[in-house]
Amino acid sequence: MLYYEHKEYMKRENINMNRIGVVGSINTDIVCKTDVLPKVGETVIGNEFMISFGGKGANEAVACARLGASTNLLACAGDDMFSKNAIAHLQEEGVHITAIKQIKNTNGGIANITIANNNNSIIVVPGANSSLDVNYIKKYTSRIKECSIVGGQFEIPVDAILLVSRICRDNNIKFVLNPSPIKDYPIELFDNSTYVIVNEIEVCEIKGYNKKKPLDVLKQYPDKLIMTKGADGVYFSDGKEVINIPAINVKVVDTTGAGDTFLGSFMVAINNGLNTRDALTFANICAGLKTTKLGAQTGMPKLAEVKKYIKANKINLDIKF
Ligand code: RIB
């Protein structure tokens, strides 16, 4: 599409230039809560079961939409009941679903999640998410170009995410990478990213890590590399020093989707003009509030709840959105 055609298209479709894009997975989460994890060959009795909406891409998109952002989700779903429910739910949450491609005769992604001792372990079977390939991205490039910031993660093929990062780079669109679940990826993807959000394990895969201490790696990439560390909060370098923004003090019920909430809310804050530090403070609050409720998406906070928390706790954060 030529530039003027693109502008015309935006006008015709009444598309907001500040739209957020998420390219990623849609899963159905099959969740068991237990006090004791089974050892190999052992059966234990759990205490709660639920089937809920998940997938890192869908989670991030819902996090953005709940905070009031106009959000495109670029994803592949199956044609099974789980996928149909997931798409209907995304629509109810206000996520734009017209770039979700349903793959015929294919099941959607499934995540088998065990929650124990305030933590989780997850097995993902990608299903239709594997169809989110380079050809899909080529077909939906205009939906990426509608956005001012785009996020991506690794529950879909890495070469598709690499192409997204190139489109963003070439069109002056901010790109936020969460290289999770961890896998090998080209350095170009890191270089094309405006922000890279990692945890303590993923930071070891960053170029220049070379067995350094994680905080020294952060110093190499000021205002770009961000490390989350669970209850210790988040770390980044502002170019002068490494700054820690502590996690908020809450009673944790379920950490599933907290990282996705963090990324989505960070994008919303950056897209609304907050600087990196304030955007991280905002994201930290949103992710913390998420952990107080069960379910990746069902537990995500809405903007009013976040603002209420900021006010009640006298946090110095000027939210104008
Ligand atoms: O990040 C949490 C998500 O990871 C879950 O919702 C699950 O679907 C897995 O993809």
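Every value quoted in this text rests on a predicted model; they were computed, and no experiment measured them. Both ligands and their constituent atoms are indexed starting at 1 by order of listing.
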Undergrad: What residue and atom, counting heavy atoms only, is the protein's closest point to atom 3 (C) of ligand 1, and at what distance?
TA: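 The answer is N59 ND2, 3.6 Å.
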Undergrad: Can the positive tip of K290 be found less than 6.0 Å from the middle of the six-membered ring of F262, inside 45° of the ring normal?
TA: no
Undergrad: Number the atoms of ligand 1 from 1 as they appear, then name those within less than 4.0 Å of a heavy atom of G55, with their elements.
TA: 5 (C), 6 (O), 7 (C), 8 (O), 10 (O)
Undergrad: Would you mind running through ligand 1 and noting each atom that sits below 4.0 Å from a heavy atom of D260?
TA: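 So the answer, numbered in order with elements, is 1 (O), 2 (C), 3 (C).
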Undergrad: L317 and I285: side-chain contact (heavy atoms from CB on, under 4.5 Å), yes or no, with the steps?
TA: CA-CA 11 Å; L317 203 53; I285 295 167; 4.2 Å; yes
Undergrad: If you count the atoms of ligand 1 from 1 in the order shown, which ones are under 4.0 Å from a heavy atom of E155?
TA: 4 (O), 9 (C), 10 (O)
Undergrad: Taking N72 for the side chain and R143 for the main chain, is one N or O donor matched with an acceptor at less than 3.5 Å?
TA: yes
Undergrad: Look at atom 4 (O) of ligand 1 and say which protein heavy atom is nearest, naming residue and atom and giving the distance to 0.1 Å.
TA: K56 NZ, 3.3 Å
Undergrad: Indicate whether the side chain of Q297 and that of E93 have a donor and an acceptor atom separated by less than 3.5 Å.
TA: no
Undergrad: For ligand 1, which atoms have a heavy atom of D29 less than 4.0 angstrom away?
TA: 5 (C), 6 (O), 7 (C), 8 (O)
Undergrad: When V124 is tested against each of I113, N27, I110 for side chain to side chain contact (heavy atoms under 4.5 Å, CB included), which residue passes?
TA: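 The passing option is N27.
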Undergrad: Any carboxylate oxygen within less than 4.0 angstrom of a Lys/Arg side-chain nitrogen, looking at E305 and R66?
TA: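 No, E305 and R66 are not salt-bridged.
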Undergrad: Which ligand 1 atoms are under 4.0 Å away from a heavy-atom of A296?
TA: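 Those qualifying, in numeric order: 6 (O).
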Undergrad: Ignoring angles and geometry beyond distance, decide whether N27 reaches within less than 3.5 Å of ligand 1 through its nitrogen or oxygen atoms.
TA: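 Indeed, backbone or side chain, N27 has an N or O that close.
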